[in-house]
Amino acid sequence: MAIRSDFFKDVYDVVRLIPYGRVSSYGAIAAYLGAKTGARMVGYAMNAAHAEVPYVPAHRVVNRNGMLSGKRHFGSENEMQLLLEQDGILVADDQVQNFNKVFWDPSLHLTL
DNA sequence: AAGGTGACAGTTT
DNA sequence: TAAACTGCCACCT
């Protein structure tokens, strides 16, 4: 595949917009894109984001539970947690601590 | 062209 | 209460 749908590009753009020390959820991104795309598509996009440039902070994207559901897709399972910790995000038991506190909703940032 | 897959989310049993 | 099922929709074989 030469190019990807704009949908993927949108996902990457939103993910890259996630500020330092913040995390987002697949559902939030999907909702920002229209809620119809389906959260699964966001995760699927992340699958390709691994090879995207510039770098897509996929580690800042977790499920609505704050769980690092995609950690296994990284080089190492600890890598995602490590990256999050570098962002100042506390992670324990593959789960983002203070998730409600560090949660960043794209629609919240671009709306209101 | 058609079927199967998936880094989710919400509902039901 | 936890576990399982379905719905979602684009991508891949």
Side-chain angles (χ1 to χ4, degrees):
Chain A
M1 55 249 194
I3 65 172
R4 294 177 178 79
S5 302
D6 292 340
F7 171 71
F8 272 47
K9 187 174 180 293
D10 269 344
V11 175
Y12 301 145
D13 187 42
V14 174
V15 174
R16 284 189 285 238
L17 286 174
I18 301 175
Y20 178 89
R22 299 282 188 170
V23 296
S24 188
S25 66
Y26 304 96
I29 296 170
Y32 171 68
L33 297 177
K36 47 223 329 276
T37 52
R40 304 186 110 182
M41 292 295 82
V42 179
Y44 204 92
M46 293 283 91
N47 188 10
H50 181 60
E52 274 295 316
V53 291
Y55 172 69
V56 179
H59 61 276
R60 291 178 181 168
V61 185
V62 295
N63 61 12
R64 79 119 184 146
N65 217 348
M67 186 175 173
L68 281 59
S69 43
K71 63 166 190 169
R72 55 184 112 202
H73 286 271
F74 282 77
S76 300
E77 296 186 1
N78 290 339
E79 185 168 330
M80 187 173 185
Q81 179 175 336
L82 192 65
L83 289 169
L84 285 169
E85 290 180 346
Q86 288 179 4
D87 281 1
I89 299 170
L90 299 176
V91 180
D93 192 30
D94 299 336
Q95 213 170 241
V96 177
Q97 302 303 297
N98 301 323
F99 180 62
N100 184 26
K101 192 176 188 176
V102 299
F103 177 72
W104 182 83
D105 193 323
S107 60
L108 188 68
H109 181 264
L110 300 173
T111 317
L112 297 176

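Quick note: numbers below take in every heavy atom, side chains included, and nothing from hydrogens, waters or symmetry partners. Just so we're clear, the structure is a prediction, and the values are computed from it rather than from any experiment. In what follows, chains are A, B, ... by sequence order, proteins preceding strands, each numbered from 1.
The salt bridge (Lys or Arg N to Asp or Glu O under 4.0 Å) analysis of residues 26-50 of chain A, with sequence neighbours excluded, yields no pairs. A ring pair (Phe, Tyr, Trp, His ring centres under 6.0 Å) check over residues 49-72 of chain A, counting only residues at least two apart or in different chains, returns nothing. For residues 64-85 of chain A, no pair satisfies ring pair (Phe, Tyr, Trp, His ring centres under 6.0 Å), with sequence neighbours left out.
As rounded to whole Å, 13 Å separates atom P of B:dC8 from atom CZ of A:Phe99. Rounding to whole angstrom units, CG of residue A:Leu33 and C1' of C:dC11 are separated by 16 Å. Rounded to whole Å, the distance from NZ on A:Lys9 to P on C:dC11 is 15 Å. Between A:Asn65 atom CG and C:dA2 atom C1' there is a gap of 14 Å when expressed in whole angstrom units. A:Arg64 places its CZ atom 8 Å from the C1' atom of B:dA9, with the value rounded to the nearest Å.
Test A:Gln81, A:Glu85, A:Met80, A:Glu79 against A:Leu83 for side chain to side chain contact (heavy atoms under 4.5 Å, CB included) and you get one pass: A:Glu79.
Under the side chain to side chain contact (heavy atoms under 4.5 Å, CB included) criterion, A:Glu77 pairs with A:Lys71, sequence neighbours left out. Taking the side chain to side chain contact (heavy atoms under 4.5 Å, CB included) definition, one finds that A:Met46 meets it with A:Val11, A:Tyr12, A:Val15, A:Tyr26, A:Ala49, A:Val56, A:Ala58, A:Val61, sequence neighbours left out.
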- Nucleotide by nucleotide, nucleotides 2-7 of chain B touches protein heavy atoms under 4.0 Å in the pattern (B base, S sugar-phosphate only, - none) ----BB
